[in-house]
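See below for the structure under consideration.
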Amino acid sequence: MEMGGEKFDEILWNYAVESLKSHGVTTLNPVSQLPRVRRSKELLSSRQEVALRLSHENGACPPLELSRETFNSMIAAYIDKAAQKLHGLLSRIPAEHQPEMLLLVGGSSQIPLIKETLEEACGLPAYMWHYSREAVALGAALWNHVEQKPAAPKTESKADRIKLISSGNNKIAVINTLRDIYPQLGLADAKQLVESAPVILPDKTEMNPCVAAGMLERAGCKVKILSKAEEYEPEQHESLYNNISGVWEGSCTNLSAGGITAPIMLVLDTKAQKITGNLVIGGTELVGSGKITGQIIGNSITFQSPGDNIHFSQITWRGTASNNVIEGTYVVEPKNIFIKPQHGLFRTSKQERQKGTKSGRLKLLSFGNNKIAVIKTLRDIYPHLGLADAKQLVESAPVILPDKTEMNPCVAAGMLERTGCKVKILSKDEEYEGEQKDTQFDNESGTNEGSCTNHPAAQAPTHIPQPTHEPAAPPKSGGSSDDSGCWKIVFIIIAIVLMCACG
């Protein structure tokens, strides 16, 4: 049955041509005038009356007043036939599979008479689809997808998941479309998905993936329907993400500063595609130590570390991870346009730590020349540590540092070494040995009781030499000794103090 927007345009065009003949208008150019007829038809979906204004080769035509009631009378017969066919289709559907609603698609579904007639004929509520105008294009894309690709086993067919490659320029439209496809998706979650592109979208949707992909592409973004193998690929990336967690050591070279090289240490923790952790740069020529944040896409890794807070705002590191090696480039971003950005290279390898060897405690061997910097760093590592306690620890070096810190011991050691002091990460045996010494020292503290015996010289052990000089003679009676002279001086000082106090 021939029915639709073009048929309704033709009916309305013939009505306009016949109506204008009475005004002496015999020829109309359909190329230029048919779009005006179509526009008037679309306006009648939201208005009761419109003025159809056309023109011909000699000028403007008299306006034609067109009402919705008149237009409905022109197309009612066609809509009735469509309703009868739909009713016949529904009657052949088993009762247990009867639909609960009608979903109207296509441009002509905007006509109110169509919705009213179908609901009355079928006894089902009819709803408009948000993308009803694109239904034909989306259906053609789906049909082409089915026709061009041969049937394959279910395990090799397309998966139900879509990969958002890029969000395009209209993020708001993409976010709204995502929420249409995934009704359970909140606004914040949809926004995070768009900003995380490229990203694999959720699989909790009943919409056909081809239709969903078409809706997203219409919003201006790029998408891809994943195959089973491609959907499995992110699971392989998950193993890569877990493998990136750990301690990485290597060096970085500042190409903008004459090739200065400094050791670096990365302590990374990954959760899905997010990276957190710490970065330590040794030496004093380069800055940038501190907490880092970033993300992983495939085997590419990007993260940011702080600058020196004076001239440079942050450092952006970009690299690739493979075979327990992360290498790439970094850019030091200045705080103003008068400072040139710096760039360089870095390479690190993952450090395998044997379980049960290293403990979480550090030993401060010496504090170097910058005691203030060491004290400040200790308080950064141990937030509960007061200024006096940190100072006492530094002055007590070598000393075993507290274990009440959540920071990775490798990071803490790197931060302390950067201040110029020497530290050591203790093994379990070394830590236990220190505890034994502490226990021994604690046992020696306190009051000790016993006896001593003065043996005669003849009974003295042979390895203690005996004195060869004569003992000094005791002072004569009435004479003075050094002790008596000292007491006199003490009495004189006390007398002077008392006189000053009384005066």
Side-chain angles (χ1 to χ4, degrees), residues 1-87 102-122 126-144 168-170 173 176-177 211 214-215 217-220:
M1 181 181 66
E2 184 182 2
M3 190 190 78
E6 293 184 357
K7 184 62 178 179
F8 296 158
D9 292 343
E10 180 184 350
I11 293 172
L12 194 55
W13 172 263
N14 294 333
Y15 170 80
V17 170
E18 293 296 326
S19 300
L20 289 175
K21 284 182 178 179
S22 60
H23 297 280
V25 178
T26 56
T27 57
L28 291 173
N29 185 357
V31 176
S32 61
Q33 301 307 304
L34 188 57
R36 296 186 182 184
V37 173
R38 183 180 298 112
R39 178 57 179 164
S40 297
K41 176 198 70 175
E42 294 172 350
L43 289 174
L44 284 174
S45 297
S46 58
R47 300 179 186 178
Q48 293 296 329
E49 293 184 354
V50 295
L52 179 58
R53 303 179 185 276
L54 303 176
S55 60
H56 58 101
E57 57 185 6
N58 296 325
C61 301
L64 295 177
E65 295 298 330
L66 183 63
S67 66
R68 181 187 292 180
E69 183 179 358
T70 303
F71 178 62
N72 286 346
S73 64
M74 300 179 193
I75 63 174
Y78 295 92
I79 298 177
D80 289 340
K81 289 182 181 180
Q84 291 174 6
K85 285 206 168 191
L86 179 59
H87 185 272
L102 301 175
L103 184 64
L104 306 180
V105 297
S108 296
S109 62
Q110 305 286 336
I111 299 174
L113 181 62
I114 293 180
K115 181 177 183 296
E116 297 169 2
T117 305
L118 294 181
E119 286 182 335
E120 182 179 356
C122 302
Y127 295 99
M128 298 295 303
W129 187 34
H130 185 65
Y131 294 94
S132 61
R133 291 181 177 273
E134 292 78 23
V136 175
L138 294 173
L142 177 60
W143 179 259
N144 180 70
N169 298 323
N170 194 346
N176 291 335
T177 305
V211 176
M215 292 168 60
E217 287 181 345
R218 186 177 181 276

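Being a predicted model, the structure only gives us computed values, none of them experimental. The residues of the chain are indexed from 1 along the displayed sequence.
The side-chain contact (heavy atoms from CB on, under 4.5 Å) search around Leu43 returns Arg39, Arg47, Val50, not counting sequence neighbours. By the side-chain contact (heavy atoms from CB on, under 4.5 Å) test, Asn29 pairs with Val31, Ser32, sequence neighbours left out. Partners of Arg218 by side chain to side chain donor-acceptor pair (under 3.5 Å), not counting sequence neighbours, listed by chain and number: Glu134. Applying the side chain to side chain donor-acceptor pair (under 3.5 Å) test to Ser108 and every residue at least two apart in sequence or in another chain returns nothing. Take Cys122 and apply the side-chain contact (heavy atoms from CB on, under 4.5 Å) test, not counting sequence neighbours, and it matches Leu86, Leu90, Leu102. With sequence neighbours excluded, the residues forming a side chain to side chain donor-acceptor pair (under 3.5 Å) with Asp9 are Arg38, Lys41, listed by chain and number. When the side-chain contact (heavy atoms from CB on, under 4.5 Å) test is applied to His56, the partners found at least two apart in sequence or on another chain are Val25, Leu28, Asn58, Cys61. Residues forming a side chain to side chain donor-acceptor pair (under 3.5 Å) with Ser67 (at least two apart in sequence, or on another chain): Thr70.
Between Leu20 and Pro62, the shortest heavy-atom distance links the atoms CD2-O, 3.7 Å. Residue Pro35 comes nearest to Pro30 through the heavy atom pair CD-O, 4.0 Å, listed as atom of the first residue, atom of the second, then distance. Nearest heavy atom pair, residue Leu52 against residue Ser40, reads CD1-OG, 3.2 Å.
Within the structure, no pair that satisfies the salt bridge (charged side-chain N to carboxylate O under 4.0 Å, His left out) test touches residues 56-75, not counting sequence neighbours. Listed by first and then second residue, the salt bridge (charged side-chain N to carboxylate O under 4.0 Å, His left out) pairs involving residues 15-35 are Glu18-Lys21 (not counting sequence neighbours).
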Check against side-chain contact (heavy atoms from CB on, under 4.5 Å), Tyr15 and Val37: CA-CA 10 Å; Tyr15 170 80; Val37 173; over 6 Å; no
Step-by-step side-chain contact (heavy atoms from CB on, under 4.5 Å) determination, Met74 to Leu66: CA-CA 12 Å; Met74 300 179 193; Leu66 183 63; 4.3 Å; yes
CA sep, side-chain torsions, deciding dist, call: Leu104, Tyr127, side-chain contact (heavy atoms from CB on, under 4.5 Å): CA-CA 6 Å; Leu104 306 180; Tyr127 295 99; over 6 Å; no
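One distance of note links CZ of Phe71 with CD1 of Ile11; it measures 7.5 Å at 0.5 Å rounding.
When atom types are taken as modelled, the side chain of Gln33 and the backbone of Ser55 share a donor-acceptor pair closer than 3.5 angstrom.
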In a table with atom names and distances, give each donor-acceptor pair under 3.5 Å that connects a side chain of residues 111-120 to protein atoms at least two apart or in another chain.
{"from": "Lys115", "atom 1": "NZ", "to": "Glu119", "atom 2": "OE2", "distance (Å)": "3.0"}
{"from": "Thr117", "atom 1": "OG1", "to": "Leu113", "atom 2": "O", "distance (Å)": "2.8"}
{"from": "Glu119", "atom 1": "OE2", "to": "Ala126", "atom 2": "N", "distance (Å)": "2.9"}

